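A quick note: this is a predicted structure, and the numbers were derived from the prediction, not measured. By convention here, the first residue in the shown sequence is residue 1.
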Amino acid sequence: MELKIKGKRINLRKLKKSDAPSIYRNAKDFEIARYTTLPHPYRLKNAEDFIKTTHQKMRKKKAFELGIELKETKEIIGMVGLMNIDYNNKNAEIGYWLGKKYWGRGIMKEAIKLILNFGFKKLRLVRIYARVMHPNIASAKLLKKSGFKYEGRMRKTTLRRGKWMDDLRYSILSSEFKSKQRRRI
């Protein structure tokens, strides 16, 4: 299954084996692993294994984890995806990360908008939710700017490098996303 979602500055696309070096370059920074489930240190083998796993999940339609391709260079600079898809209850979890040198440019906001559009229109989801490890305030702000609503805090949910972190939960409904899109026109 070839999947490519075109944006203004980026495309979201299925990963290729040849993307492993660019994923590795952008994911190896500790700041990326700090509040994600990525291992640290991140190795080239991690990227190669991840690509294989994304293909398996996509074939089974269990997840759509797509590379964020910078249009000008064709390089994968991060990831965004829908995982834990529950087709019966029409919801899924969004996850994402972006190479540190691309932070603060609005790239992830564009990637989130593209994947939400895919989830609500193509997969016909009703709800997309996110988990943010506290204290990842930047991610929480990004979700709010993207139309997500804060739902609550789950205490000591994730053990990360010997420290318990709370999960902040956010979600957006298809009706809220559609309404936000109409207001922009």
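In plain terms, the two heavy atoms of Ala33 and Pro39 that are nearest each other are CB-O, 4.0 Å. Residue Met108 comes nearest to Leu142 through the heavy atom pair CG-CD2, 3.4 Å, listed as atom of the first residue, atom of the second, then distance. The two atoms that bring Ala92 and Leu82 nearest to each other are CB-CB, 4.3 Å, heavy atoms only. Residues Ala20 and Ala47 come closest through the heavy atom pair O-CB, 3.6 Å. Taking both residues in full, the closest heavy atoms of Asp19 and Ile51 are given as C-CD1, 4.2 Å, listed atom of the first, atom of the second, then distance. Looking at every heavy atom in both residues, Ser146 comes nearest to Lys109 through OG-CG, 4.0 Å.
Counting heavy atoms from C-beta on, the side chains of Arg9 and Ile107 come closer than 4.5 Å. Counting only heavy atoms from C-beta outward, the side chains of Leu66 and Met58 approach each other to under 4.5 Å. Between Asn117 and Ile5 there is no side-chain heavy-atom pair separated by less than 4.5 Å.
With rounding to the nearest 0.5 Å, the separation of OH in Tyr42 from CD1 in Ile23 is 6.0 Å. Interatomic distance, Ile128 CD1 to Lys90 NZ, rounded to the nearest 0.5 Å: 12.5 Å. To the nearest 0.5 Å, the span separating NZ on Lys101 from CD1 on Ile77 amounts to 9.0 Å. In this structure, NZ in Lys28 is found 10.5 Å from NE2 in His40, a value given to the nearest 0.5 Å. We find the CG-CD distance between Leu12 and Glu69 to be 9.5 Å, quoted to the nearest 0.5 Å. Note: Ile68 CD1 to Ile112 CD1 = 8.5 Å, rounded to the nearest 0.5 Å.
Partners of Arg43 by salt bridge (charged side-chain N to carboxylate O under 4.0 Å, His left out), not counting sequence neighbours: none found. Residues passing the side chain to side chain donor-acceptor pair (under 3.5 Å) test with Arg169, sequence neighbours excluded: none. Qualifying side chain to side chain contact (heavy atoms under 4.5 Å, CB included) partners for Lys60, counting only residues two or more places apart in sequence or in other chains: Lys62. Annotation: ring pair (Phe, Tyr, Trp, His ring centres under 6.0 Å) contacts of Phe120 (sequence neighbours excluded): Phe177. Residues passing the side chain to side chain contact (heavy atoms under 4.5 Å, CB included) test with Asn89, sequence neighbours excluded: Asp86, Asn91. Under the side chain to side chain donor-acceptor pair (under 3.5 Å) criterion, Ser22 pairs with no residue, sequence neighbours left out. Annotation: side chain to side chain contact (heavy atoms under 4.5 Å, CB included) contacts of Pro135 (sequence neighbours excluded): Tyr35. Shown here are the side chain to side chain contact (heavy atoms under 4.5 Å, CB included) partners of Thr73, two or more places apart in sequence or in another chain: Leu70, Glu75.
A side chain to side chain donor-acceptor pair (under 3.5 Å) check over residues 46-57, counting only residues at least two apart or in different chains, returns the pairs Lys45-Asp49. Sorted by first and then second residue, the ring-ring contact (aromatic ring centres under 6.0 Å, His included) pairs with a member in residues 137-171 read Tyr150-Tyr170; sequence neighbours excluded. For the ring-ring contact (aromatic ring centres under 6.0 Å, His included) condition, no pair includes a residue of residues 67-88, sequence neighbours left out.
Counting non-hydrogen atoms of other residues, nucleotides and ligands closer than 6.0 Å to NZ of Lys121 gives a total of 12 or fewer. Atom CE of Met83 is surrounded by more than 12 heavy atoms from other residues, nucleotides or ligands within 6.0 Å.
Only one option out of Arg155, Arg153, Lys156, Arg160 pairs with Asp166 in a salt bridge (Lys or Arg N to Asp or Glu O under 4.0 Å); it is Arg153.
By the rule that hydrophobic residues join a cluster once side-chain heavy atoms approach within less than 4.5 Å of another member, Met133 and Trp97 end up as members of separate clusters. Under a hydrophobic clustering in which Ile, Leu, Val, Met, Phe, Trp and Tyr are joined whenever their side-chain heavy atoms come within less than 4.5 Å, directly or via other members, Phe30 and Leu98 fall into different clusters. Linking ILVMFWY side-chain heavy atoms closer than 4.5 Å, directly or via other members, places Tyr96 and Met165 in two distinct hydrophobic clusters. Trp103 and Met79 fall within the same hydrophobic cluster, defined by Ile, Leu, Val, Met, Phe, Trp and Tyr side-chain heavy atoms under 4.5 Å apart, directly or through other members. Put simply, Leu116 and Leu173 are part of two different groups of oily side chains (I, L, V, M, F, W, Y) that touch within less than 4.5 Å, one to the next.
A donor-acceptor contact shorter than 3.5 Å links the side chain of Glu110 to the backbone of Lys8.
Alongside Tyr129, the hydrophobic cluster contains no other residue (criterion: ILVMFWY side chains under 4.5 Å).
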Would you check, one step at a time, whether the test side-chain contact (heavy atoms from CB on, under 4.5 Å) holds for Ile10 with Leu114?
-> CA-CA 10 Å; Ile10 59 169; Leu114 293 171; 4.1 Å; yes
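In this structure, Glu31 does not pair ionically with Lys100, as no charged nitrogen and carboxylate oxygen lie closer than 4.0 Å.
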